Asker: 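The following block contains the structure, expressed as structure tokens.
Owing to the predicted nature of the structure, the values given are computational and were not obtained by experimental measurement. Sequence lines set the chain letters: A, B, ... in the order given, protein chains first and strands last, and positions in each chain run from 1.
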Protein chains: 2
Amino acid sequence: MSAVYAIENVTPKSHAPAARKFEVACSTCNLRELCLPKDLDPVDMARLEQIVYARRKVRRGEALFHAGDSFHSLYVIRSGFFKTTVLNPDGREQVTGFYMPGELLGMDGIGAGSYHGNAVALEDCEACVLPFALVEHLSREIPALQRHLHCVLSREIVRDHGVMMLLGSMRAEERLATFLLQLSRRFTNRGYSPSDFHLRMTREEIGSFLGLKLETVSRLFSRFHEDNLIEVNQKHVRILKIDGLEALLASKH
Amino acid sequence: MSAVYAIENVTPKSHAPAARKFEVACSTCNLRELCLPKDLDPVDMARLEQIVYARRKVRRGEALFHAGDSFHSLYVIRSGFFKTTVLNPDGREQVTGFYMPGELLGMDGIGAGSYHGNAVALEDCEACVLPFALVEHLSREIPALQRHLHCVLSREIVRDHGVMMLLGSMRAEERLATFLLQLSRRFTNRGYSPSDFHLRMTREEIGSFLGLKLETVSRLFSRFHEDNLIEVNQKHVRILKIDGLEALLASKH
DNA sequence: CGACCTTTTGAACGTATTCAACCGATGTGG
DNA sequence: CCACATCGGTTGAATACGTTCAAAAGGTCG
């Protein structure tokens, strides 16, 4: 496992092992339901905590990794929001997802040995570093971890298929409604208000994700506002009629 | 491993174990570079062949699995073409991919324990059945298999991101050009002509995949034909200027 | 051969984009 | 502290791209 030490360019001020170990204890992390297997016995839990090699702070606008960087680790978001993007040969950028605490980043790097896309912090963020060699090693010994890893990878594929559905066969207003409902659901899972939240991304980033131009996104927000479905004030959104948004999806072909 | 026997509803005329074992020998399958780990020693290869529990024939138009079917197996295509689709609550269908021999189907089922989408044969097909419990079991003991599985899952995610790029930020003609180039590349990898092939899917299915209507797809085929980039005759396509198609991607905005 | 499905093509239409102007919030330097 | 630049967001008007509706031709399969 000597690979571990070559794996990450950790920020200089990363904590010494002793201090770190306490700080990152997964067993007491309030995100553990999101990123760890359930029903783990204490022994396995202790082994699993060894996976978390370090944490990385990433400032707003900076990247956790870039496309092409050589792949060594997965990351679990501890705090903050990320966007992931891919870049066309001709320079166009496509946002492939928005990720929040407890979610896993970097799975696109396993196959080719280098990350396929970029992961950029939308605000100051912190992420747990999971050296993938360790993850693979331990998941051979802890079936629950193996299973969990496979599930997370599979769920990412399912998520992607949902995005394809959105991009391939929904109208603009359906896309934005879906987006808002999805955000609401994920905030709810994390104990935040389902109806009242702060968008970390710009209109342009939302547009890129949804396959729309920023002006279209802005107009849709205004329209939803006029229809009393939501209140919008810059980045703050309050959902007034969640069933009104859902109705947009069911209706008109 | 008693689970194995409950796993698949194999077609009645599936072969007896003895005959089957010879027939499906992975070590002599000409698709092995596509679906197996490289550099496997003979012992591991022999163990790995035990994974292939059976083969399933699927007739054109029939499904290898449906969305919601409980998940037990991955499938490797031995012959024929499949499309995968997801269905909206309101009934719209989105084609999420086209799959050809050597490619893996069913990865969307791992996370939830049931398949998320449908896999439908575009012609008479045959697929190898890989009971996932066996795959997980063996991949704990054969690191090369474990690695291979992770790579395949990751590559599927990368593929999906490519489709998002296509759907989210390309114009119609770029989408179709990308689609044709992609098909060409995959045929080449399988030893077929890069420029001369038979589309197994309808214009409507292509359209669904590319986020376009079938009429638009048809018009684009005609336009590419007029521009002497391709020849089209119903389902038969011949690419005349591969760099002409590539140029469509680099150009205008 | 006849029924049905797929494909092609045309014309009118509509949705989202483009281009442009303006506003408000935020941040910087004189 | 205010002037100014910058960035993100909103809104309007013209445009363009892809869709819709429709008709007809070509293939395929019983």
Asker: How about A/His198 and A/Glu123: do any of their side-chain heavy atoms sit closer than 4.5 Å?
Answerer: no
Asker: In whole angstrom, give the distance that lies between atom CG of B/Leu212 and atom P of C/dA16.
Answerer: 15 Å
Asker: Could you check whether any side-chain N or O of A/Thr84 sits under 3.5 Å from a backbone N or O of A/Ala119, counting only pairs where one atom can act as donor and the other as acceptor?
Answerer: no
Asker: Would you mind reading off the distance between A/Leu176 atom CG and C/dT15 atom C1', rounded to a whole angstrom?
Answerer: 15 Å
Asker: Base, sugar-phosphate or nothing for B/Gln234? Non-hydrogen atoms, less than 4.0 Å.
Answerer: sugar-phosphate
Asker: Determine the contact category for A/Leu214: base if any of its heavy atoms lies under 4.0 Å from a base atom, sugar-phosphate if only primed atoms, P, OP1 or OP2 are that close, otherwise nothing.
Answerer: base
Asker: Tell me, which of residues 218-226 of chain A have any heavy atom that sits under 4.0 Å from an atom in DNA chain D?
Answerer: A/Ser218, A/Arg219, A/Ser222
Asker: What do you reckon, is CD of A/Glu204 surrounded by more than 12 foreign heavy atoms closer than 6.0 Å?
Answerer: no
Asker: What is the distance, rounded to the nearest whole Å, between atom CZ of A/Arg203 and atom C1' of D/dC7?
Answerer: 13 Å
Asker: Classify B/Thr216 by what it touches in the nucleic acid, base, sugar-phosphate, or nothing, heavy-atom distance under 4.0 Å.
Answerer: base
Asker: Under the ring pair (Phe, Tyr, Trp, His ring centres under 6.0 Å) rule, collect the residues that match up with A/Phe187, sequence neighbours excluded.
Answerer: A/Phe81, A/Phe197
Asker: Under 4.0 Å, counting only non-hydrogen atoms across every strand here, what does B/Gly211 touch: a base, just sugar-phosphate, or nothing?
Answerer: sugar-phosphate
Asker: Round to a whole Å and report the spacing from NE2 of B/His198 to C1' of D/dG27.
Answerer: 12 Å
Asker: What's the shortest heavy-atom distance between B/Ala121 and B/Arg59, and which atoms?
Answerer: CB-O, 3.6 Å
Asker: Which angle, rounded to 10°, do you find between the first-five-pair axis and the last-five-pair axis of the helix from C/dC1-D/dG30 to C/dG30-D/dC1?
Answerer: 40°
Asker: Tell me which nucleotide among D/dT20, D/dG9, C/dA16 gets nearest to the side chain of B/Glu215.
Answerer: D/dT20
Asker: Got a list of side-chain donor-acceptor pairs under 3.5 Å for residues 226-242 of chain B, not counting sequence neighbours?
Answerer:
{"from": "B/His236", "atom 1": "NE2", "to": "B/Asp196", "atom 2": "OD1", "distance (Å)": "2.5"}

Asker: All N/O contacts under 3.5 Å from nucleotides 28-30 of chain D to the protein, with atom names and distances to one decimal?
Answerer:
none

Asker: OP1 or OP2 of D/dG27 versus the side-chain N and O atoms of B/Lys235: is any pair under 4.0 Å?
Answerer: no
Asker: Starting from C1' on C/dT17, measure out to CD on A/Glu204 and report it in whole angstrom.
Answerer: 14 Å
Asker: With rounding to the nearest 0.5 Å, note down the distance linking CZ in A/Arg185 to CG in A/Leu180.
Answerer: 13.0 Å
Asker: Can you figure out which of C/dT7, D/dG18, D/dT20 approaches the side chain of B/Arg171 most closely?
Answerer: D/dG18
Asker: Tell me, yes or no, whether the heavy-atom count around A/Arg190 atom CZ, taken from other residues, nucleotides or ligands under 6.0 Å, exceeds 12.
Answerer: yes
Asker: Does the distance from a Lys or Arg side-chain N to an Asp or Glu carboxylate O, for B/Arg159 and B/Glu103, drop under 4.0 Å?
Answerer: no
Asker: Please report the closest heavy-atom contact between A/Ala172 and A/Leu220, naming both atoms and the distance.
Answerer: O-CD1, 3.6 Å
Asker: Counting heavy atoms from C-beta on, name the nucleotide in D/dT20, D/dT11, D/dG9 closest to the side chain of B/Lys213.
Answerer: D/dT20
Asker: Rounded to whole Å, how long is the line connecting atom CD of B/Glu173 with atom P of D/dT19?
Answerer: 14 Å
Asker: Between B/Arg175 (CZ) and D/dT19 (C1'), how many Å, whole number?
Answerer: 13 Å
Asker: Starting from P on D/dG8, measure out to CD1 on A/Ile206 and report it in whole angstrom.
Answerer: 13 Å
Asker: Got a sec, which residues hit ring pair (Phe, Tyr, Trp, His ring centres under 6.0 Å) with A/Tyr99, two or more places apart in sequence or on another chain?
Answerer: none
Asker: Among D/dG8, C/dT7, C/dT18, which is the nearest nucleotide to the side chain of B/Thr202?
Answerer: C/dT7
Asker: Just compare D/dT10, D/dT19, C/dA16 and give me whichever is closest to any side-chain atom of A/Ala172.
Answerer: C/dA16
Asker: Whether B/Lys57 and B/Glu126 form a salt bridge (side-chain N of Lys/Arg under 4.0 Å from carboxylate O of Asp/Glu) is what I want to check.
Answerer: yes
Asker: Give the intermediate values and the outcome of side-chain contact (heavy atoms from CB on, under 4.5 Å) for residues B/Ile157 and A/Ile110.
Answerer: CA-CA 10 Å; B/Ile157 292 170; A/Ile110 301 170; over 6 Å; no
